[in-house]
Peer 1: 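Supplied in structure tokens, the structure appears directly below.
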Amino acid sequence: IRLYARRRSAANISKLYDALVKAAQSPRERAESLTVRAELLEDRLGDPAAARELYESAVGADPEYRVAWLDLYRTSLRGDDGADRVRALTRLAELTRDDEWRSLLLLDLAAEHARGAAPADLDEASRCIREAAGLSQGRWRALVALERLGELHDRHGDLVDALEGRAHL
């Protein structure tokens, strides 16, 4: 496969990746091969719609496979699909063990929720920020985000909690 990739023979490498998908023994192997095939479709063959379908298949095959979720998130950024972005960020935050990385994912997720001006969306954004503030890393950044949310949307409770939390740090 590396030989074909170096020579940039997309037609032949596409066939090899199809064979990898068919030969996959475990859900993880299937998710990996589907993701690599989707990356080829998206990056080399210019077919983001087909790639998105394969990313969906990959996360369906192995919901724990982070690479497929990251690629699905990246694809949703290009296609401006807010629902997929929220779903991918939510799953990535659930899968992440590192507090700093999880805090950043939760803040991105909160920003996605805050785009919708509905009270339920703002409540969810506040919940994500508060969860990020409760982690061992990134508290200051999360409390600043909570303060901004409170100021932008006249949510006085969030504003007070953010200022009090920063005072305790």
Peer 1: State, to 0.1 Å, how close Ala114 and Ala125 come at their nearest heavy-atom pair, and which atoms those are.
Peer 2: N-CB, 4.0 Å
Peer 1: For the atom pair CG (Asp161) and CG (Leu146), what is the distance rounded to the nearest 0.5 Å?
Peer 2: 6.5 Å
Peer 1: Within the 4.5 Å heavy-atom criterion, are Leu135 and Leu106 side-chain neighbours or not?
Peer 2: yes
Peer 1: Yes or no on side-chain contact (heavy atoms from CB on, under 4.5 Å) for Glu39 and Val67, after CA distance, side-chain angles and deciding distance?
Peer 2: CA-CA 11 Å; Glu39 289 169 348; Val67 175; 4.1 Å; yes
Peer 1: Test side-chain contact (heavy atoms from CB on, under 4.5 Å) on Arg78 and Glu42; report intermediate values, then the result.
Peer 2: CA-CA 11 Å; Arg78 288 182 182 167; Glu42 186 176 15; 2.9 Å; yes
Peer 1: With hydrophobic residues grouped by side-chain heavy-atom distances under 4.5 Å, do Leu72 and Leu70 end up in a single group?
Peer 2: yes
Peer 1: Check the hydrophobic clustering (I, L, V, M, F, W, Y; side-chain heavy atoms under 4.5 Å; chains of links allowed) and say if Leu92 and Trp101 are grouped together.
Peer 2: yes
Peer 1: Can you find a heavy atom in the side chain of Leu34 that is under 4.5 Å from one in the side chain of Arg37?
Peer 2: no
Peer 1: Is the backbone N or O of Asp99 less than 3.5 Å from a side-chain atom of Ser103, with the two atoms forming a donor-acceptor pair by type?
Peer 2: no
Peer 1: Output yes when Arg87 and Glu56 qualify as a salt bridge under the 4.0 Å nitrogen-oxygen rule, no when they do not.
Peer 2: yes
Peer 1: Do Gln137 and Arg102 come close enough that some side-chain heavy atom pair is under 4.5 Å?
Peer 2: no
Peer 1: Which atoms form the tightest heavy-atom contact between Ala61 and Arg30, and what is the distance?
Peer 2: CB-CG, 4.2 Å
Peer 1: In this structure, are over 12 heavy atoms from other groups packed under 6.0 Å from Glu100 atom CD?
Peer 2: no
Peer 1: What distance separates Asp98 CG from Ser136 OG, expressed to the nearest 0.5 Å?
Peer 2: 8.0 Å
Peer 1: Do you know which two heavy atoms are closest between Ala50 and Leu41, and how far apart they sit?
Peer 2: CB-CD1, 3.9 Å
Peer 1: side-chain contact (heavy atoms from CB on, under 4.5 Å) between Leu54 and Thr35: does it pass, once the steps are laid out?
Peer 2: CA-CA 7 Å; Leu54 288 177; Thr35 301; over 6 Å; no
Peer 1: Return yes when atom CZ of Arg141 has more than 12 non-hydrogen atoms of other residues, nucleotides or ligands closer than 6.0 Å, and no otherwise.
Peer 2: no
Peer 1: What's the separation between atom OH in Tyr65 and atom CZ in Arg28, rounded to the nearest 0.5 Å?
Peer 2: 7.0 Å
Peer 1: Applying salt bridge (charged side-chain N to carboxylate O under 4.0 Å, His left out) as the test, list every pair that has at least one member in residues 106-116; sequence neighbours left out.
Peer 2: Arg85-Glu112, Glu112-Arg115
Peer 1: Give the cluster check for Val144 versus Leu105: same hydrophobic cluster or not, with ILVMFWY residues linked at side-chain heavy-atom distances below 4.5 Å.
Peer 2: no
Peer 1: Do the side chains of Arg155 and Asp123 get close enough for a salt bridge, i.e. N-O under 4.0 angstrom?
Peer 2: yes
Peer 1: Taking atom OH of Tyr73 and atom OH of Tyr55, what is their separation to the nearest 0.5 Å?
Peer 2: 14.5 Å
Peer 1: With a 4.0 Å cut-off on N to O distance, would you call Asp71 and Arg74 a salt bridge?
Peer 2: yes
Peer 1: Would Leu163 end up clustered with Leu149 when hydrophobic side chains under 4.5 Å apart are linked, directly or stepwise?
Peer 2: no
Peer 1: Between Leu20 and Val36, is the side-chain contact (heavy atoms from CB on, under 4.5 Å) condition met? List the steps.
Peer 2: CA-CA 10 Å; Leu20 274 177; Val36 171; 5.9 Å; no
Peer 1: Identify the two heavy atoms, one from Ala38 and one from Ala51, that lie closest to each other, and give their separation to 0.1 Å.
Peer 2: O-CB, 3.3 Å
Peer 1: Nearest 0.5 Å please: distance from the CG atom of Leu95 over to the CH2 atom of Trp69.
Peer 2: 8.0 Å
Peer 1: I need the Leu104 CG to Leu89 CG distance, nearest 0.5 Å.
Peer 2: 11.0 Å
Peer 1: So, for Val86 and Thr90, which heavy atoms are closest and what is the spacing to 0.1 Å?
Peer 2: O-OG1, 2.7 Å
Peer 1: Quick check against the 3.5 Å criterion: does Ser126 have a side-chain atom that pairs as donor or acceptor with the backbone of Leu122?
Peer 2: no
Peer 1: Is it the case that more than 12 heavy atoms not belonging to Arg91 sit under 6.0 Å from its CZ atom?
Peer 2: yes
Peer 1: Hey, are Glu151 and Arg148 close enough for a salt bridge, meaning a charged N less than 4.0 Å from a carboxylate O?
Peer 2: no
Peer 1: Tyr17 versus Val21: any side-chain heavy-atom pair under 4.5 Å?
Peer 2: no
Peer 1: Of all heavy-atom pairs between Pro27 and Asp62, which one has the smallest distance, and what is that distance?
Peer 2: O-CB, 3.8 Å
